[in-house]
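Below: the structure, in structure tokens.
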Amino acid sequence: MSTNLTVRDIDPADKSWLRREARDVGASMEEFVRRLIHEHRRKTEGRAKPSEAFARHFGKRHGVVLPTRARYHHNPPSFTEDTLK
């Protein structure tokens, strides 16, 4: 079961980098890309918290900083017998 992936319009500098990195690890360029994809999938396995997903897509690199919870002094409601009287 062999599948081929063709990437068109790849930046020549990126292609050169891929060739160089693949040569350094002793793999073909295709095998190196497979390893990169596998590593990326392994790192992103499981469900991230919503705050982690937000930070990944809109984080500091994009000019957005998530506020800390303490900043807004949010206190979740507490239902105890003292508060119900």
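Computed from a predicted model, the values in this text were never measured in an experiment.
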From [atom1] ([X]) to [atom2] ([Y]), nearest 0.5 Å:
X     : Y     : atom1 : atom2 : answer
Leu36 : Arg41 : CG    : CZ    : 14.0 Å
Trp17 : Ile10 : CH2   : CD1   : 10.0 Å
His40 : Lys43 : NE2   : NZ    : 9.0 Å

Fill in: Contacts of Glu31 that satisfy salt bridge (charged side-chain N to carboxylate O under 4.0 Å, His left out) - sequence neighbours left out
Arg34, Arg35
Discussion item. Applying salt bridge (charged side-chain N to carboxylate O under 4.0 Å, His left out), can you list everything that pairs with Lys49, at least two apart in sequence or on another chain?
Written reply: none
Fill in: side-chain contact (heavy atoms from CB on, under 4.5 Å) assessment of Met29 paired with Lys15
CA-CA 9 Å; Met29 199 164 74; Lys15 192 171 186 178; 4.2 Å; yes
Practice prompt. Please report the shortest heavy-atom distance between Ala27 and Phe32, naming the atom on each side.
Written response: CB-N, 4.5 Å
Discussion item. Which heavy atom of Ser28 sits nearest to which heavy atom of Ala22, and what is that distance?
Written reply: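 Taking Ser28 first and Ala22 second, the nearest heavy atoms are O-CB, 3.8 Å.
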